[in-house]
Amino acid sequence: MSACAAIHKESIEVVNTILADTDFPIDGFYLVEYDSDKFFSQKGIFYNATDARFYDDSIYSTINGVVASVVSSGCLSTGV
């Protein structure tokens, strides 16, 4: 079993997080497996399938309150 985000099939918003096998069927939903030691997911955040990350907003601009480009560049610790 793995940590999974449950998302409506026609959406990108996380409805719930559960422990399940990724092939566990939930009618109307798909599951996205994530490593809870590396990534954060919770109800109300948004999944971007292109980069397999979870964002605070539907335009993928912030991750855990930090501007996504800062997180992606690896400059989070220096603030650059």
Can you list the residues that meet the side-chain contact (heavy atoms from CB on, under 4.5 Å) rule with [X], with sequence neighbours excluded?
X   : result
Q42 : F40, I45
T17 : V14, Y34, S41
A20 : I18, F24, L31
D21 : M1, D23

Looking at residues at least two apart in the chain, or sitting in another chain, which of them share a ring pair (Phe, Tyr, Trp, His ring centres under 6.0 Å) with F29?
->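 Ring pair (Phe, Tyr, Trp, His ring centres under 6.0 Å) check on F29 returns H8.
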
Begin with the C-alpha distance, continue with both residues' side-chain angles, and end with the deciding distance and a verdict on side chain to side chain contact (heavy atoms under 4.5 Å, CB included) for I12 and Y55.
-> CA-CA 10 Å; I12 57 170; Y55 291 82; over 6 Å; no

Considering only heavy atoms from C-beta outward, does the side chain of T22 approach that of E33 to under 4.5 Å?
->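 Side chain of T22 against side chain of E33, heavy atoms only: contact under 4.5 Å found.
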
Residues 57-68 side chain polar contacts: donor-acceptor under 3.5 Å, at least two apart:
unit_1	atom_1	unit_2	atom_2	d
D57	OD1	Y60	N	2.9
D57	OD1	S61	N	2.8
D57	OD1	S61	OG	3.4
D57	OD2	S61	OG	2.4
Y60	OH	Y47	O	3.4
T62	OG1	D56	OD2	3.0

Of all residues at least two apart in sequence or in a different chain, which pass the side chain to side chain donor-acceptor pair (under 3.5 Å) check with E13?
->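 By the side chain to side chain donor-acceptor pair (under 3.5 Å) rule, E13 matches no residue at all.
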
Do V15 and F46 belong together in a cluster built from hydrophobic side chains that touch within less than 4.5 Å?
->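 In one cluster: no.
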
Closest heavy-atom pair and its distance - N48, T50 |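 Smallest interatomic distance, heavy atoms only, reads OD1-N, 2.9 Å.
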
